Amino acid sequence: EAGIMKLDIKESNINEQTEYIYSFFKPEVEAKGMRLILKNSLHSKNAVIKTDSEKLCAIFMNLVKNAIKYTTTGSIEIGYVKKGEFLEFYVKDTGVGILLDKKELIFERFRQGSEDFSRGYEGAGLGLAISKAYVELLGGKIWAKSNINEGSIFYFTIPYNNELKENKNFNNTIAETEENIKIKNIKILLVEDDETAEQMITVMVKKYDKQIFIARDGEEAVISCYSNPEIDLILMDVKLPKMSGYEATKQIRAFNKDVIIIAQTAYAFSGEKEKAIEAGCNDYISKPYGKAALYELIEKYF
C-alpha cells in the first residue's frame with residue numbers, strides 16, 4: 001500500500017515451484033486424512049518464465065494454507081493451465097465453501113469468510129489480501145468460485161513471459177550449480193520448529209555441510225551456538241516458540257560476532273529484511289525457497 005514493494009523478475013521454473021509446494025504440504029494434508037493432487041500442464045522446458053518467484057510462491061502458499069484450514073475431508077488439488085498470454089493457477093478444495101456475498105470480502109484486509117459463524121479458524125485475515133496485492137503487482141487477477149459445503153476454487157493469473165536462452169535451460173543451470181559446488185565442510189545450525197521444513201532444508205544443504213545441528217526454538221539455538229563455537233552458518237527461522245529468532249540472534253551476537261546468520265521467514269512483509277539486519281543477521285531469505293536461492297546465499301558468504 002505504501003508503494004515500496006519491489007518486484008524481483010528473473011527466470012523461474014513454475015513446475016519446480018508447484019512441485020516444491022506439493023512436497024511441502026503433502027505431509028500436512030495426509031495427516032488430516034486427505035489427498036493432495038498436483039496437475040502441471042506444461043513441459044518443463046516451456047515452464048520456465050520470467051516472474052518474481054518469491055511472490056508467486058507466497059501467493060500459492062497462502063491459498064494452500066487456506067484450503068487446508070477450511071477442509072477436513074476429501075482432497076485439495078493444485079495446478080495451472082496456459083490460457084493465451086496468461087497462466088491460470090488454481091487451488092481447489094472440498095471444504096466448507098464461501099457464502100456468495102463473502103467472495104469479494106475475503107480479499108479485504110483483516111476479514112474472513114467465516115466471520116459470521118463461530119470464527120473457529122485462526123488468522124488475522126491478511127493472507128488473501130496480501131495474495132491479491134501480489135497478483136496485481138505481477139500483472140494478473142485473483143478470484144474465487146465456491147458453494148457452501150461443496151468446496152472452493154481459488155484462481156489467479158500471471159503473464160506468461162517465456163523467454164528461454166537457446167543453449168541453457170533452467171533445469172541444466174540448477175544441475176550445474178549442484179555438480180560444481182566447491183564449498184564443503186560447513187558446520188550449520190538449522191533453527192526450525194517445523195519438522196517438514198527441517199527435513200527439506202537438511203536435504204538442500206547436504207552438499208555443503210560437514211555437520212548439521214538442529215534447534216527447535218530460540219533458546220535451544222542460543223545454547224547450541226554457545227556450546228559449538230565452531231558453527232559457521234545459522235539458518236534462523238524468525239517465528240519460534242519460547243524465544244523469537246530475532247531475540248535469539250541478539251543473544252548470539254553478544255558472544256559470537258563472526259558466525260553467519262541468515263534469517264528465514266514464511267512471511268515476506270516489507271521491512272522484514274531490515275528488522276533481521278538490525279537484530280544482527282547477515283542476510284534474509286523468505287520461505288519457501290529453492291536450492292538456487294539458498295546456494296546463492298551460501299556462496300555469497302563462503
Side-chain angles (χ1 to χ4, degrees), residues 4-26 38-65 78-82 85-91 127-128 130-142 154-165 168-178 196-197 200-201 203-205 235 237 262-270 272-273 276 283-300:
I4 59 174
M5 182 67 73
K6 290 181 170 39
L7 291 174
D8 181 18
I9 303 296
K10 55 190 176 185
E11 282 190 0
S12 177
N13 189 309
I14 53 175
N15 282 357
E16 288 187 356
Q17 285 193 285
T18 53
E19 286 162 9
Y20 177 90
I21 290 167
Y22 172 81
S23 300
F24 187 89
F25 284 112
K26 189 170 183 281
L38 171 64
K39 290 188 178 179
N40 288 336
S41 65
L42 291 178
H43 185 275
S44 184
K45 180 180 178 181
N46 297 323
V48 181
I49 66 170
K50 288 193 173 181
T51 191
D52 188 321
S53 58
E54 286 191 6
K55 289 181 178 57
L56 177 58
C57 260
I59 296 162
F60 238 126
M61 292 283 281
N62 278 327
L63 294 181
V64 177
K65 283 177 184 175
I78 63 175
Y80 69 88
V81 293
K82 183 177 179 294
E85 299 302 312
F86 286 85
L87 292 172
E88 183 179 282
F89 295 84
Y90 67 88
V91 176
L128 290 179
I130 291 170
S131 296
K132 182 174 185 288
Y134 281 2
V135 168
E136 291 174 352
L137 201 60
L138 292 172
K141 61 180 182 177
I142 187 169
F154 281 81
Y155 299 93
F156 69 93
T157 60
I158 63 169
Y160 179 67
N161 297 324
N162 182 239
E163 300 174 15
L164 294 176
K165 297 175 184 176
K168 186 185 289 186
N169 67 34
F170 186 80
N171 288 330
N172 288 338
T173 304
I174 296 298
E176 288 168 12
T177 300
E178 292 185 18
T196 304
M200 296 190 73
I201 296 167
V203 169
M204 282 196 276
V205 300
L235 297 174
D237 192 25
I262 297 175
Q264 48 178 9
T265 175
Y267 303 98
F269 293 111
S270 60
E272 202 76 31
K273 182 172 184 178
D283 222 313
Y284 166 97
I285 190 170
S286 59
K287 297 189 292 187
Y289 51 81
K291 292 179 183 178
L294 183 59
Y295 291 176
E296 185 179 341
L297 266 182
I298 293 176
E299 287 166 9
K300 175 181 177 182

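These numbers come from the heavy atoms of this one structure, side chains and all, not from hydrogens, waters or symmetry mates. This one's a predicted model, so the numbers in the text were calculated from it and none came from an experiment.
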**Heavy-atom closest pair, residues Ala276 and Tyr284** = CB-CD1, 4.4 Å

**Rounded distance (nearest 0.5 Å) linking atom OG1 of Thr18 with atom CD1 of Ile78** = 6.5 Å

**Message:** Run the side-chain hydrogen bond (donor to acceptor under 3.5 Å, both in side chains) test against Lys26 and tell me which residues pass, sequence neighbours left out.
**Reply:** Glu30

**Prompt:** Quick one: CD1 on Ile262 to NZ on Lys300, what's the gap to the nearest 0.5 Å?
**Reply:** 8.5 Å

**Asked** Can we say Lys132 and Glu136 salt-bridge, meaning some charged N sits less than 4.0 Å from an Asp/Glu carboxylate O?
**Response** yes

**Test side chain to side chain contact (heavy atoms under 4.5 Å, CB included) applied to Asn15 and Val48, step by step** = CA-CA 8 Å; Asn15 282 357; Val48 181; over 6 Å; no

**Item:** Min side-chain heavy-atom separation Asn46-Lys82 under 4.5 Å
**Value:** no

**Prompt:** Any side-chain heavy atom of Tyr160 sitting closer than 4.5 Å to one from Leu42?
**Reply:** yes

**Item:** Spacing of CD1 belonging to Ile142 relative to CG belonging to Asn62, to within rounding of 0.5 Å
**Value:** 9.0 Å

**Asked** Considering all heavy atoms of both residues, which atom of Ser41 and which atom of Val81 are nearest to each other, and what is their separation?
**Response** OG-CA, 3.4 Å

**Request:** Heavy atoms only: give me the nearest Phe86-Gly139 pair and the separation to one decimal.
**Result:** CE2-O, 3.5 Å

**Message:** I'd like to check the ring pair (Phe, Tyr, Trp, His ring centres under 6.0 Å) partners of Tyr80; sequence neighbours left out, ordered by chain and number.
**Reply:** Phe89

**Message:** Taking the side chain as everything from C-beta on, heavy atoms only, tell me whether Val64 gets closer than 4.5 Å to Phe154.
**Reply:** no

**Message:** How long is the straight-line distance from CD1 of Ile49 back to CG of Leu56, given to the nearest 0.5 Å?
**Reply:** 6.5 Å

**Message:** Looking at Thr51, is its backbone amide N or carbonyl O close enough to the side chain of Asn161 to form a donor-acceptor pair, meaning the two atoms are under 3.5 Å apart?
**Reply:** no

**Item:** From NZ (Lys65) to CZ (Phe24), nearest 0.5 Å
**Value:** 7.0 Å

**Message:** Could you report the tightest heavy-atom contact between Asp237 and Gln264, atom names first, then the distance?
**Reply:** OD1-O, 2.9 Å

**Request:** Using a 4.5 Å cut-off on heavy atoms from C-beta on, say whether the side chain of Ile59 contacts that of Leu138.
**Result:** yes

**Message:** I need the minimum non-hydrogen distance between Tyr295 and Met204, along with the two atoms involved.
**Reply:** OH-O, 3.1 Å

**Item:** Beyond-backbone contact of Gln17 with Phe60, side-chain heavy atoms, under 4.5 angstrom
**Value:** no

**Request:** To the nearest 0.5 Å, tell me how far Ile14 CD1 sits from Ser53 OG.
**Result:** 12.0 Å

**Item:** Side chains of Asp8 and Glu54 in contact at under 4.5 Å (non-hydrogen atoms)
**Value:** no

**Item:** Residues that Thr157 engages under side-chain hydrogen bond (donor to acceptor under 3.5 Å, both in side chains), provided they are two or more places apart
**Value:** none

**Close side-chain approach of Leu294 to Leu235, heavy-atom, < 4.5 Å** = yes

**Message:** Less than 4.5 Å apart, side chain to side chain, heavy atoms only: is that true for Leu137 and Asp52?
**Reply:** no

**Message:** For Glu296, I'd like to know if atom CD has over 12 heavy atoms of other residues, nucleotides or ligands within 6.0 Å.
**Reply:** no

**Complete:** Taking every heavy atom of Glu88 against every heavy atom of Tyr155, the minimum-distance pair comes out as OE2-CD2, 3.6 Å

